[in-house]
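Have a look at the structure below before the remarks.
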Amino acid sequence: MRKIISLILLGIVCVGIIFALYSIPFGKDKIKVGKHYIYNGIKETGAVNIVTSVVLNYRGFDTLGEVTILFIAALGLGVVLYGKKKKRKEGLEPASLVLYTGCRFLFPLILLFGAYIFIHGHLTPGGGFQGGAIIASGFLLSYLGCPRKWISKERFNITESLGGLVFVIMGLIGLTIGGYFLSNFLPKGIANTLFSAGIIPILYCAVGFKVGAELAGIIYNMIE
Amino acid sequence: MNFLSNNIYYIGCFGLIFIGLYIVLTKKNLIKVIIGINFIDTGVNLFLITIGYIRGGTAPIFSRPGLNPERMVDPIPQALVLTTIVIGVSVLALALSLAIRLYHHYGTLNLRKIRELKW
């Protein structure tokens, strides 16, 4: 009965969406704002990757809000899971030699790859969020593979707070120098080199550390 | 057939969204409902990316000189989806933690058996 009702509901919604989408052509031209960003993005921000320049320069304040949402979700997860009985991991079997050595070998490489992704965020596909997710996956591997070497939660909290602080401080310096929040006050440099695009690499490093620490903290809380 | 080949991307993303909605409406297990919500999230992300696509387009990155800006896809949906993915992940983690708490409190994940949620 319930299934039939939900199928009928979905059918009604589906017909409505087909009529709405029928007038939108697929794969045609972009909108005006996108064109402006593509044609003037390098000149105005110095970043080769237009998506990065949109995320951190044109819509940088939006990104600050997004990072705040991630922070609040991590905080809420900590609050919800707080007070659960903490079982110590004494009864766990140690991992086999291959798994243990493999994860100890791979863990620094994964961190290095994540750092590469977020440092080159203004040149190549990638950025702070992706690099942070890769770093968190490295921590997940280390939690699953070698449970003895757990990194404590406090260090994650410190890293996360530092990342957020750097972001806000860069924004405030931009406010005092350039006249608006997160204005690009550093020289833009030559496009397509590592030290270009002003404050964008610094901001992306801050975002990378923050997202990595937050996701790793989430993983820590869920495993604990 | 022409209609199908023109709109295959739209059909794919809305297929994902409808599968997710169906799961949310009919399943009883809370974990399955959360997976359905994640399906909807993925479908919406895919739809946003699809709207910005141009036939034969390239990524909006000037990684080497001589790339034609006319052929680049729209960067704004990609930037928005970057936001959406991160928020989706955090919401998923929060929902799973709530599910863990519910399981500790009620001893079951069946939504029909949890009181105050019966309909």
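Treat the numbers as computed from the prediction; the structure is a model and nothing was measured. Chain A is the first sequence line, chain B the second, and so forth, proteins listed ahead of strands; every chain is numbered from 1.
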Largest heavy-atom contact set with chain A, pairs under 4.5 Å, which of B:Ala93, B:Ser97, B:Ser90: B:Ser97

Option in A:Leu77, A:Ile69, A:Leu9, A:Asp62 with maximal non-hydrogen atom pairs under 4.5 Å from chain B: A:Leu77

Option that, when pairs with chain A are counted at under 4.5 Å, heavy atom only, ranks first among B:Val89, B:Ile76, B:Leu98: B:Ile76

Contacting region of A:Ile72 [heavy-atom separation from chain B under 4.5 Å]: neither

Contact origin within A:Val13 toward chain B - heavy atom pairs under 4.5 Å: both

Side chain to side chain, B:Tyr22 and B:Lys27, heavy atoms closer than 4.5 Å: no

Proximity breakdown for A:Glu214 and chain B, heavy-atom pairs closer than 4.5 Å: neither

Ring centres under 6.0 angstrom apart (A:Phe209, A:Phe118): yes

Considering all heavy atoms, the nearest A:Ile110-A:Gly138 contact: CG2-CA, 3.6 Å

Side chain, backbone, both or neither of B:Phe18 within contact of chain A (heavy atoms, under 4.5 Å): both

Side-chain heavy-atom pair B:Leu80, A:Arg59 within 4.5 angstrom cut-off: yes

Most contacts with chain B, counted as non-hydrogen pairs under 4.5 angstrom, among A:Val54, A:Ile18, A:Leu10, A:Val67: A:Leu10

Residue A:Ile218 versus chain B: region with a heavy atom under 4.5 Å: side chain

Under 3.5 Å donor-acceptor, A:Thr63 side chain and A:Val55 backbone: yes

Atom group of A:Thr52 that falls short of 4.5 Å from chain B, counting heavy atoms: neither

Side-chain heavy atoms of A:Met170 within contact of A:Val166, under 4.5 Å: yes

Aromatic contact, A:Phe156 with A:Phe139 (centres under 6.0 Å): yes

